[in-house]
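Inspection log for the structure reproduced underneath, given as structure tokens.
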Amino acid sequence: MTGHIARIRRYPIKSLGGEDMTAASLRAAHRLPGDRVWAMLTEAGERHAGDGPQPERWLPKSCFLRGVASATLQAVSGGWGEGVPEGSIRLSHPDLPDLRFDPETEGARLLDWVAPLWPADKPAATRLVRGPTGWTDVNQPWVSILSLSSLRDLETRLGQPLGIERWRANLWVDGWEAYAEQDMIGQILTIGDVELRVTEAIGRCAATSANTETGRLDCDMPAALTEQFGHHQFGIYAEVVTGGEIALNDEIRP
């Protein structure tokens with residue numbers, strides 16, 4: 001069963017924005033380049049971050065600003081723009097003026113910008129930190145893969161458009177049968193000479209309940225998935241086994 005890569009996306013800052021890529025260079029046992037390089041640490045996360053200017057180990061998602069704690073964060077969009085992952089980042093939100101800043105030197109500007117989007121009763125954001133490898137939700141260096149066929153079926157079942165942004169996937173595949181990816185655990189996916197080993201299904205939290213255009217809840221996604229399928233999984237993780245170049249429209253097959 002052959003599909004093709006329909007979207008490639010990276011998220012320079014965890015839970016804040018995201019952008020499309022036309023191509024990417026994958027390395028064995030590494031995340032997608034430029035993905036979750038930065039994250040906004042909170043007061044609760046400071047207890048685990050150590051004394052240095054940047055954390056030296058992967059930290060769990062509970063240490064950071066997250067959409068599950070503030071749905072309006074899901075409406076943030078943007079990133080570096082086309083090109084290499086460096087330099088200034090531009091972010092947008094429907095309720096805020098656009099922000100362009102350098103994450104290396106102007107993290108305080110992001111702190112001020114995001115403050116109105118974060119609940120006062122949650123541990124306050126403290127600083128922008130760079131990850132030693134990447135601040136994905138799992139400590140393994142995996143990429144996330146979702147199916148457009150599965151998304152279209154889920155939208156039909158729930159009777160509403162959902163879009164791709166709320167799922168924050170790295171690769172979107174078109175051409176597979178709906179939910180065929182759930183049976184690929186342990187298999188090798190090939191994209192030309194690139195090989196990815198499917199490791200596990202992705203469990204979904206309440207962050208996916210937010211409409212990414214408005215930043216407001218429009219469903220209870222974990223409950224909806226459980227009602228439809230008996231579990232709250234949607235999408236798969238995969239480890240890069242053999243690296244190489246990938247691009248839009250490349251064939252991907254198990």
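Positions are given from 1 along the sequence.
- For the side chain to side chain contact (heavy atoms under 4.5 Å, CB included) with Trp38, the lone residue among Val129, Ile13, Leu110, Leu16 that qualifies is Ile13.
- Applying the side chain to side chain donor-acceptor pair (under 3.5 Å) rule to Gln140 yields no partners; only residues at least two apart in sequence or on another chain are considered.
- The hydrophobic clustering, which links ILVMFWY residues whose side-chain heavy atoms are closer than 4.5 Å, places Leu196 and Ile246 together.
- A heavy-atom distance below 4.5 Å is not found between the side chains of Ile164 and Thr212.
- Looking at Arg100 and Ser88, their side chains do bring a donor and an acceptor atom within 3.5 Å of each other.
- Distance check, rounded to the nearest 0.5 Å: NZ of Lys122 to CG of Leu65 gives 11.0 Å.
- Distance alone, capped at 3.5 Å, is enough to place a donor-acceptor pair between the Ser149 side chain and the Trp176 backbone.
- Between Val114 and Leu99, every side-chain heavy-atom pair lies at or beyond the 4.5 Å cut-off.
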Go through it in stages, so that I can follow the logic: the residues are Thr190 and Glu195, the test is side chain to side chain donor-acceptor pair (under 3.5 Å), and I'd like the CA-CA distance, side-chain angles, deciding distance and then a yes or no.
CA-CA 5 Å; Thr190 61; Glu195 295 180 322; over 6 Å; no
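- The aromatic rings of Tyr237 and Trp142 sit tilted, their planes meeting at an angle between 30° and 60°.
- With sequence neighbours left out, Glu104 forms a side chain to side chain donor-acceptor pair (under 3.5 Å) with Arg130.
- When atom types are taken as modelled, the side chain of Glu239 and the backbone of Arg197 share no donor-acceptor pair closer than 3.5 angstrom.
- Ring planes of Phe234 and Tyr179: perpendicular class, angle over 60° (limits at 30 and 60°).
- Using modelled atom types, no side-chain atom of Arg9 and backbone atom of Trp172 make a donor-acceptor pair closer than 3.5 Å.
- With rounding to the nearest 0.5 angstrom, the CG atom of Leu171 is 10.5 Å from the CG atom of Asp250.
- Here the side chain of Thr126 pairs a donor or acceptor atom with the backbone of Leu41 at under 3.5 angstrom.
- Expressed to the nearest 0.5 Å, how far OG of Ser150 lies from CH2 of Trp167 amounts to 10.0 Å.
- The distance from atom CG of Asp98 to atom CG of Leu91, rounded to the nearest 0.5 Å, is 8.5 Å.
- Under the 4.5 Å side-chain contact rule for hydrophobic residues, Leu146 and Met221 share a cluster.
- Formation of a donor-acceptor pair under 3.5 Å by the Thr208 side chain with backbone atoms of Cys205 is found in this model.
- Using modelled atom types and a 3.5 Å distance limit, the side chains of Arg31 and Thr133 yield a donor-acceptor pair.
- Using a distance-only test at 3.5 Å, with no hydrogens or angles considered, a donor-acceptor pair links the side chain of Trp113 to the main chain of Pro97.
- Counting only heavy atoms from C-beta outward, the side chains of Arg7 and Asp20 approach each other to under 4.5 Å.
- Between the CD atom in Gln233 and the CZ atom in Arg204 there is a gap of 10.0 Å [rounded to 0.5 Å].
- Partner Glu19 forms a salt bridge (Lys or Arg N to Asp or Glu O under 4.0 Å) with one of Arg90, Arg10, Arg168 and no other, that one being Arg10.
- Within the 4.5 Å cutoff, the side chain of Arg216 has no heavy atoms near those of the Asn211 side chain.
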Check the pair Val68, Lys61 against side-chain contact (heavy atoms from CB on, under 4.5 Å), reporting the backbone distance first and the verdict last.
CA-CA 10 Å; Val68 70; Lys61 58 186 179 181; over 6 Å; no
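- For the side chain to side chain donor-acceptor pair (under 3.5 Å) test, residues two or more places apart in sequence or in another chain that qualify with Asp137 are Lys14.
- Here the straight-line distance linking atom OG1 of Thr42 with atom NE2 of His48 works out to 8.5 Å at 0.5 Å rounding.
- Remark: side-chain polar atoms of Asp35 are paired, donor with acceptor, to backbone N or O of Tyr11 under 3.5 angstrom.
- In this structure a side-chain-to-backbone donor-acceptor pair under 3.5 Å is missing from Gln187 to Val198.
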